[in-house]
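Reminder, nothing fancy here: chain letters follow the sequence lines and each chain counts from 1. Since the structure is predicted, the reported quantities are computational estimates derived from the model, not experimental observations.
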Amino acid sequence: MIPELMIALSVGAALFGVGLYGALSQTNLVMIIMGVELILAAALLNLVAFWRYLHPDVTAAKMFVLIVMAVMAVEMAVGFGIAIARFRSRGSVEMEEARELKG
Amino acid sequence: MMDLSGARQGLLRGFRGLVAGAMARDLRAFVIPGEDIANARGLDLDAAGLIRAVTPRHANVLLIAGPLPTALADAASVVWAQMPRPRCILALGEVDLGPLPTADVTAEMSQAGLISGLEDLRKLLRNGAFAPDITEFDAPALSERIEYTCPMHPEVVSDEPGKCPKCGMFLVERRVSGAASHGHEGHEGHEGHEGHEGHEGHEGHEKSSTGSTQAEKAHHHADAVTSAEASTSYVCPMHPEVTSDTPGSCPKCGMDLVPQAEAGEHAHQGHHAHHGHGHHAKPASEPTGPYTCPMHPEVTSETPGSCPKCGMDLVPQAEAGGHAHSGHGSHKHHAHTPAQEGQGGHAAHGAHGQQDAHSEHHGHAGHGAAPDIPGIEPHFMSMVELTEGKPVSPDGLVMEWIDAPFGPFFPGLPSGLHMVLTLDGDSVAGAEIRGMEAAALPSGVALEDFAASLADAVPLSPVAMRELACRAAEAATGQTAPKDVLTARAAAVERERIASHLNWLAGLARQAGLAPLGRRAAAMEHRVRTAKADEVAEQATSITSLLHVALNRSLMGPKLTGIGTLQGASEGPVARAAGHASDARHGDGVYDELGFEPITQDEGDAMARLRQRCAEIAQSLDLIAEAGAIAIPVMPRAKGDGHGMATLETPRGPATLHLTLKGGMVSSTHLTTPFAALAAHVPDLIKQMELADALTAIASLDLDPWSASQ
Amino acid sequence: MSIAMILLALAVGCYAVAVLESWAVHGRLSLTRPATSALALLGREQIMPRTPDRLFFESGPVLLLVAGLLSVAVIPLAPGLIITDLAIGALFLNAALAYVLVALIMAGWGPNGAYGMIGGWRFLGQFIAYAMLIVMPITAVAMRAESLSTTQIVLSQAALWNVAYQPIGFVLFVIAAMGVAWLPPIDLPTGGGDLAGGVEAEYTGARLAVLRLARLVIIVALASATVTFYLGGWLGPWLPGWVWTALKTLAVAAGMLALGSRLPRLREAKYLELSWKLGITLALANIFLVGVIALVVPI
Amino acid sequence: MSLATALFLAFFGVAAIWFGIVVFRTHSMVRSAIALLFSQTAIGAMFLVMQAEFLGVLQIMMMATEMSVMAIFMVMFMMDPGGMGKMDMTHQKRLSLWAGGIGLVAALVVIWTAGWQGPVPDVPGADEQARLLGREILGRSMFIFESAALMILTAMIAATMVAIAPQEEDTP
């Protein structure tokens with residue numbers, strides 16, 4: 001039982017929950033990206049917490065954090081690229097209307 | 001001790017006394033009509049130690065440099081309303097302040113008057129910055145009243161709610177400025193205290209939505225609307241040939257079939273591009289209730305209520321199409337792609353008209369940047385890094401456009417120039433110049449008075465105007481002056497050309513953030529404006545070195561080159577900078593004897609204009625040296641009737657004056673100046689330019705709105 | 001104790017920079033001008049725009065001030081005279097400066113006016129261009145010092161100041177620093193002739209005073225960061241270390257202000273183009289060069 | 001295992017969650033982006049509390065820029081960035097709430113039932129950490145790091161390609 005670890009992981013879980021809610025409930029692509037960012041932040045938090053309270057001697061753990069940060073940046077770049085392209089063709093980034101994509 | 005008109009509430013005690021003392025020492029002036037006019041009227045603001053504020057928000061002195069036309073006085077009252085208290089007014093010369101409160105200090109229109117006026121102001125501020133009983137100032141141009149207008153017939157306006165006499169629709173309310181239509185000039189795009197009505201989006205939203213709901217209720221006959229009740233068959237949005245009597249998916253592409261009427265209507269509306277918002281209907285066969293949201297056609301309900309997405313009232317389904325159109329029509333501030341333009345107005349002309357009236361009203365009330373469109377904030381962003389090197393709007397990104405008023409007191413524009421720029425992010429999508437209503441020229445006055453009033457009306461080039469009046473009068477009366485007088489008068493015009501170009505240079509430098517260069521040019525302008533021929537000769541070397549500095553300033557080239565290239569101008573320095581050697585001085589006998597030859601540049605951009613004006617300054621120095629003496633034109637004595645016409649190359653280009661004499665008095669006049677022709681180029685010139693570049697381009701033209709409507 | 005001394009030094013530095021800036025802008029050297037201006041601002045009415053985003057309007061200037069103060073926290077005035085000697089001080093400085101951007105966007109958005117908004121978004125465009133030019137020269141500096149600690153960075157310059165060791169990095173950093181502090185000629189967010197005050201346009205009274213103070217703190221922070229990274233910090237003969245830091249900081253600030261008053265405001269597109277195409281290339285070349293030199297000639 | 005650490009962690013944790021919730025509760029889109037930024041900053045502060053100085057400061061720095069860019073995109077692509085129209089931009093709210101709630105509960109159950117075993121070892125000093133991380137990145141994990149760099153580069157190019165306007169010759 002490590003209280004700090006529990007706190008950090010619980011915060012991570014809560015952020016994950018909020019992020020999931022946001023990503024699912026929002027109709028706007030940019031807001032969905034925000035939800036995904038929160039989920040990734042929760043992952044970051046867990047990684048750092050595990051590193052700190054379980055294996056502080058393993059530096060490789062921090063590499064995961066850096067990679068996740070890179071993923072966040074990539075996700076944003078690609079997401080916004082899609083947003084611009086979609087906005088250009090549809091004049092909106094409302095995903096409610098993206099249903100026709102499935103055709 | 002007289003109270004300060006703009007004192008702050010409270011008594012002057014202890015700490016406040018200290019603060020008032022600091023305020024008295026830290027005078028920050030907002031100059032009206034502008035620094036160029038102040039310079040031209042002989043005020044050296046730097047020498048008086050006055051610090052200028054770029055916005056009324058940062059100023060505590062409203063410096064009124066000379067007489068103002070009525071429209072500008074109204075605009076000045078708006079500026080006054082935007083200034084934080086304690087504030088005060090210093091009026092120089094005989095000024096009709098219009099709606100402004102009485103000036104705290106008035107002084108004569110001269111440098112000495114300015115300095116003594118500032119001293120008086122300091123005393124006043126020290127003692128009266130805080131007063132126990134102050135009154136509010138309300139600029140009449142900002143007060144508003146509610147009036148009612150028909151959404152279909154904008155010309156129908158009523159003070160009472162009711163029905164339109166033409167179509168029977170319910171009238172929609174809107175706010176208008178309380179003052180007459182000229183009362184809006186001010187604001188300068190500072191949506192200050194008063195500039196935000198349109199942003200009360202919530203309120204505006206409710207209002208507009210109820211308004212359009214009313215409109216819709218009376219709109220059952222809406223033409224382009226196909227009733228949803230009629231939709232018994234279903235069709236694929238992609239494959240119109242696929243139809244079915246029951247909902248389902250398309251056998252070709254698997255998409256959900258949509259009710260026929262809806263699909264048909266969509267095709268009719270250009271399918272994707274039609275909503276200003278980009279909220280096009282979802283082609284899905286959800287259970288459709290009788291009520292739907294005008295903005296979100298996918299929202300349907302069995303009961304009346306409000307839309308869960310935007311809160312607008314739901315309307316009966318049959319009207320949804322028409323309603324969506326009125327929604328579209330109301331989005332004037334959205335960019336319209338050509339596709340949208342193509343189909344935009346087919347059903348909702350009325351709504352368009354209404355919204356146009358609305359935006360017009362916003363312009364008037366001064367919050368042009370704030371259309372009260374439901375759900376739309378007039379906010380925007382810079383797209384420079386994404387769209388650099390491309391035409392901004394044609395790139396297909398449909399952005400929100402806003403109309404932002406610039407002027408008439410905008411620090412980066414010629415004073416008095418009032419423009420409305422439609423901004424697409426940081427770039428200019430369109431521009432409109434609102435002319436300045438200058439006072440009409442007097443008629444029925446003696447010739448000498450006429451010359452003086454003409455010179456007063458065009459304060460940026462009074463000597464040239466006087467000379468023009470002189471020449472026209474000479475043509476009318478058939479008199480001629482001796483040759484040496486003519487030469488001396490030409491030298492006076494040349495001296496003014498030097499001063500005018502230096503004044504322009506000072507303005508350009510201020511706009512570009514080159515404060516020291518601007519100060520130097522303004523100081524030089526003051527030395528030259530009233531100098532005698534030998535004094536001008538003494539200044540020649542320092543003027544030349546100033547021009548050298550201005551031309552060779554690092555980064556000046558990159559800033560100006562390629563900006564505002566204009567080949568279409570036909571006259572004046574702008575045309576000469578583009579290689580047209582048109583100059584009214586060419587072929588003029590007086591100038592020919594002085595050895596005048598027109599100078600031209602090739603590129604026609606802002607840098608070429610800078611080079612051109614610098615070259616003209618040098619040329620004028622030579623001409624003055626050649627002439628040897630300077631004499632202010634004196635009007636000939638007039639007797640009898642006659643008609644005279646004269647053309648003169650003013651510092652901004654040729655001006656032509658027609659003059660009719662009756663019984664020795666001026667009975668009618670007509671003045672043509674280069675302003676109108678140049679200003680007509682501006683909208684095309686600055687289209688798709690970055691805002692800063694557009695302002696540089698406008699500044700490089702050296703417009704003189706004061707000579708606009710004589 | 002050292003915190004109080006550094007804050008005092010910061011206050012004096014801000015005042016001196018204010019005097020210098022007023023000299024550069026208004027052409028008059030007056031030692032009392034900033035004091036009277038500040039006092040007058042405090043006495044003036046504070047106008048609230050009609051429908052502001054009040055939270056942002058109020059907190060923007062404060063956040064700006066906090067960002068400035070945080071970035072000062074890792075600058076050593078003399079050996080031991082530093083608020084917090086973080087092991088990753090150089091990175092921390094970057095992080096604090098990033099909030100200048102956030103604060104300016106908030107301050108531009110808050111009043112709900114066109115000029116402020118354009119100003120704020122312009123600063124964002126500007127920031128994306130120069131952020132790399134702040135980080136990459138610092139990387140090269142840290143490479144030489146083999147540490148991210150600002151104290152270590154100063155000590156690494158004992159033999160040769162970085163301005164001589166990596167002049168390309170110095171030039172890039174100074175330009176980028178002027179961008180962060182929106183000093184002319186890169187004062188796009190507040191450009192007087194362009195935007196009539198831009199981000200500052202709707203602020204009056206005490207709020208404007210906070211905004212201006214925050215800007216002064218940022219200028220001092222960036223000037224002292226330049227001194228720390230490139231001009232040997234407190235290193236210098238005869239005089240005590242803190243005097244050297246103070247003198248160098250003032251000299252750098254004066255240099256930046258003088259440069260700004262002599263150059264026309266840059267066009268945004270041009271600035272972005274230069275930053276991306278030329279600046280980043282040069283910054284990469286700088287890192288490469290420093291790496292090679294550090295391996296070949298250990299100074 | 002000090003009380004102060006736990007308290008600070010909890011404080012910043014609550015701040016992170018609260019700002020995270022604000023992201024989806026406020027109507028103003030710029031506020032959303034800034035709230036997300038402060039949520040991320042609070043997470044960065046938690047990193048600092050957990051003695052991961054480099055990562056914490058990196059997180060705080062990166063997110064400031066990222067979220068500002070986010071804000072600009074919000075303004076670009078929202079009909080109502082200022083939140084004045086009180087539009088509701090959500091759908092399938094109930095489903096989302098359930099999904100979020102179930103995710104939260106499941107994670108909490110795992111966290112609180114797994115038997116994490118202490119004692120917590122000490123971490124190296126910040127200096128040492130930075131040095132170790134540098135050696136890790138440029139040593140054993142170099143390949144991974146380079147892949148991440150390539151990934152970002154690819155994403156940048158791809159995103160730009162997707163985003164730029166189709167040229168005349170591209171469209172038939």
Side-chain angles (χ1 to χ4, degrees), chain A residues 1-22 24-31 33-34 37-38 41 44-45 48-49 51-54 56-57 59-60 62-63 65-67 69-70 72-74 76-78 80-85 87-88 93 96, chain D residues 1 5-6 9-10 13 16-17 20-21 23-24 32 36 39-40 43 46-47 50-52 55 58 62 66 70 73-74 77-78 89-93 95-97 99-101 103-104 107-108 111-112 116 118 120-121 123 132-133 136 140-141 144 148 151-152 155-156 158-160 162-163 165:
Chain A
M1 194 68 181
I2 308 167
E4 291 100 323
L5 179 64
M6 297 310 234
I7 294 173
L9 292 186
S10 305
V11 170
L15 285 173
F16 174 76
V18 174
L20 190 61
Y21 162 75
L24 289 178
S25 72
Q26 298 298 311
T27 57
N28 189 292
L29 181 56
V30 187
M31 291 297 282
I33 295 177
M34 287 200 181
E37 291 271 316
L38 268 183
L44 279 183
L45 189 57
V48 174
W51 164 79
R52 171 64 183 86
Y53 294 110
L54 297 180
D57 48 338
T59 315
K62 287 187 172 177
M63 281 307 297
V65 180
L66 289 178
I67 297 291
M69 281 189 186
M72 283 171 94
V74 167
M76 253 186 61
V78 175
F80 287 154
I82 294 172
I84 294 184
F87 193 81
R88 197 188 302 286
V93 289
E96 187 84 319
Chain D
M1 200 187 285
T5 316
L9 268 185
I17 297 168
I21 293 172
V23 170
F24 302 110
S32 278
L36 184 56
S39 176
Q40 305 275 18
I43 292 171
M46 289 176 79
F47 291 4
M50 291 192 277
Q51 288 165 285
L55 292 180
L58 190 67
M62 273 186 58
E66 246 185 83
M70 185 83 95
F73 275 84
M74 294 309 296
F77 294 138
M78 295 297 282
M89 308 296 294
T90 56
H91 63 172
Q92 48 192 15
K93 234 177 172 166
L95 168 74
S96 314
L97 268 178
L104 168 66
L108 283 180
I111 292 165
W112 288 93
W116 310 109
V120 179
V123 287
L132 282 175
L133 184 60
E136 179 74 31
R140 216 163 60 101
S141 304
I144 304 172
M151 177 174 76
I152 292 182
M156 275 166 65
T160 316
V162 172

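Taking every heavy atom of both residues into account, A/Met31 and D/Ser32 meet most closely at CE-OG, 3.7 Å. Contact record, A/Gly17 with D/Leu104: CA-CB, 4.4 Å, taken as the closest heavy-atom pair. D/Ala99 and A/Leu24 get closest at one heavy-atom pair: CB-CD1, 3.3 Å. Of all non-hydrogen atoms in D/Gln51 and A/Trp51, the two that sit nearest each other are O-CH2, 4.0 Å. Across D/Val123 and A/Pro56, no two heavy atoms sit closer than the pair CG1-CB, 3.3 Å. Nearest heavy-atom pair, D/Leu58 versus A/Leu66, reported as atom, atom and distance to 0.1 Å: CD2-CD2, 3.5 Å.
Top candidate by heavy-atom pairs under 4.5 Å with chain D, chosen from A/Val78, A/Leu54, A/Ile67, A/Val74, is A/Val74. Among A/Ile33, A/Asp57, A/Leu44, the residue with the largest count of heavy-atom pairs under 4.5 Å with chain D is A/Leu44. Ranked by heavy-atom pairs under 4.5 Å with chain A, the first of D/Gly103, D/Ala148, D/Ala158, D/Ala107 is D/Gly103. In terms of non-hydrogen atom pairs under 4.5 Å with chain A, the most contact-rich of D/Glu136, D/Gln40, D/Met151 is D/Glu136. Ranked by non-hydrogen atom pairs under 4.5 Å with chain A, the options D/Leu55, D/Ile43, D/Leu132 are led by D/Leu55.
Contacts between A/Val65 and chain D at a heavy-atom distance below 4.5 Å involve the side chain alone, from C-beta outward. When heavy atoms are compared at a cutoff of 4.5 Å, A/Leu9 approaches chain D by way of both its backbone and its side chain. Only the side chain of D/Ser39 comes within less than 4.5 Å of a heavy atom in chain A; its backbone stays farther off. Both the backbone and the side chain of D/Met50 come within less than 4.5 Å of a heavy atom in chain A. Only the side chain of A/Met76 comes within less than 4.5 Å of a heavy atom of chain D; its backbone N, CA, C and O stay farther away. Looking at D/Ile111, the atoms closer than 4.5 Å to chain A (heavy atoms on both sides) sit in the backbone and in the side chain alike. Residue contact with chain D, scored on non-hydrogen atoms closer than 4.5 Å, involves the side chain of A/Ile7 exclusively.
The shortest side-chain heavy-atom distance between D/Leu97 and A/Tyr21 falls under the 4.5 Å cut-off. In this structure the side chain of A/Met72 never reaches within 4.5 angstrom of the side chain of D/Met62, judged on heavy atoms.
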